[in-house]
Amino acid sequence: MHSGRMGASNVSTTSDFTLVGLFSHTGPHLILFFLVATMFTTGLLGNTILIFLIATDSRLHIPMYFLLSQLSLLDIGFPLVTIPKMVADFLQERNAITFGGCATQMFFLMLMGVSEGVLLSFMSYDRYVAVCHPLHYQVLMRGQVCLVMVGASWFSGELVASTLTSITLRFPYCASHTVDHFFCELPALLKLSCADTSAYELALSISGVLILLLPLSLVFTSYGHVLGAVLRMHSAEARHKAFTTCSSHMAVVGLFYGAAVFMYMVPGSYHSPQQDNMVSLFYSLITPTLNPLIYSLRNREVRMAFVKAMGRADFRVKQ
């Protein structure tokens, strides 16, 4: 499957990999570097504020916001795995990563990626129950159910990440050890293997269907029912509120799954390393930065909680 296979004698004995960074020390790249650093900071701040508001404002102590706080937690972890390392490499002008560091990056990225995909499907179910079965919402989305949903999200991520990481790192890797990517991601690492990985890549594509399309089918099913219920609503205000909440979630789902499907379900021969870098930057940085903005700017309860928190902070300062 890969044209550049080397013989067993050329398998590298070093445990380090070299990452191909996104930036060089030129004018346009420096501007892009500062944009990435700004987005990283904005995303961390936005998601931290959202978690703080959900934890401290009693009006946000409902299942939808509990699940949203978990999404924000994943969106804090996602860029933390890749961006600080990339920034440090750029500033120090070195792109080496140890075998253990590479394994850690790959594991945590898959852990959070799969967990987020499953969590988004549970969040769509929450909206389905809220809109289509409001009288049963307290029972169907009680505390224990929410905890099971979050536990299932994290467990599925841990199961997939530990399995795929351990299999991927058992392959022999060729002498160059240069990963044509700005972090250790499974598709980029497989291209360096000296063994025939075609059977494994086929298995990955099949598992990708389950990992990505199963939660996505739940999302589409839930929102199909939600859309039907919204269109049948007689109250314009209720229709607007339901549509605003659900459209925010659909925007997040579209951003996340669009990038993930391109990366893991479109065969590697159909996209270049440059495209992989841009798509990976999109779902590891841009999407986690946009998520809190999408939810807070379009959500009246979150905006009110933020105003209330700012009012309390202002009062303390004046005292």
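FYI, side chains are in, hydrogens and waters are out, and symmetry mates aren't considered; it's all heavy atoms of this structure.
Note on Val148 and Tyr128: separate hydrophobic clusters, where clusters join Ile, Leu, Val, Met, Phe, Trp and Tyr whose side-chain heavy atoms are under 4.5 Å apart, directly or indirectly. Both Leu147 and Ile62 are assigned to one and the same hydrophobic cluster, defined by single-linkage of ILVMFWY side chains at heavy-atom distances under 4.5 Å. When the side chains of ILVMFWY residues are joined at heavy-atom separations under 4.5 Å, either directly or via intervening members, Ile167 and Leu189 end up in a single hydrophobic cluster.
Judged purely by atom type and a 3.5 angstrom limit, Ser115 uses its side chain to pair as donor or acceptor with the backbone of Ser153. Between the Asn47 side chain and the Pro288 main chain, a donor and an acceptor come within less than 3.5 Å of each other. Listed for the Ser162 side chain is a donor-acceptor partner under 3.5 Å among the backbone atoms of Leu159. A donor-acceptor pair is defined here as one N or O able to donate and one able to accept, closer than 3.5 Å; such a pair exists between the side chain of Thr289 and the backbone of Met39. Between the side chain of Arg127 and the backbone N or O of Ser124, no donor-acceptor pair lies under 3.5 Å.
Between Phe171 and Tyr200, the ring center distance clears the sub-6.0 Å criterion.
Side-chain contact check for Phe90 versus Leu30: some heavy-atom pair is nearer than 4.5 Å. The closest side-chain heavy-atom distance from Cys184 to Leu19 is below 4.5 Å. The closest side-chain heavy-atom distance from Val145 to Leu140 is not below 4.5 Å. Looking only at side-chain heavy atoms (C-beta outward), Ser217 and Phe220 stay at 4.5 Å or farther from each other.
Atom CZ of Phe52 is surrounded by 12 or fewer heavy atoms from other residues, nucleotides or ligands within 6.0 Å.
Put simply, CZ on Phe17 and CG on Asn95 are 14.5 Å apart, with the number rounded to the nearest 0.5 Å.
No side-chain donor from either of Asp57 and Tyr65 sits under 3.5 Å from a side-chain acceptor of the other.
In this structure, Leu53 and Leu60 approach most closely via the heavy-atom pair O-CD1, 3.7 Å. The two residues Met112 and Phe78 make their nearest non-hydrogen contact at SD-N, 3.5 Å.
Checked against Pro79 for a side chain to side chain contact (heavy atoms under 4.5 Å, CB included), the options Ile76, Ile83, Val81 give a single hit: Ile83.
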Practice task
Could you walk me through whether Tyr125 and Thr221 pass the side chain to side chain contact (heavy atoms under 4.5 Å, CB included) test, one step at a time?
Solution key: CA-CA 9 Å; Tyr125 174 77; Thr221 304; over 6 Å; no

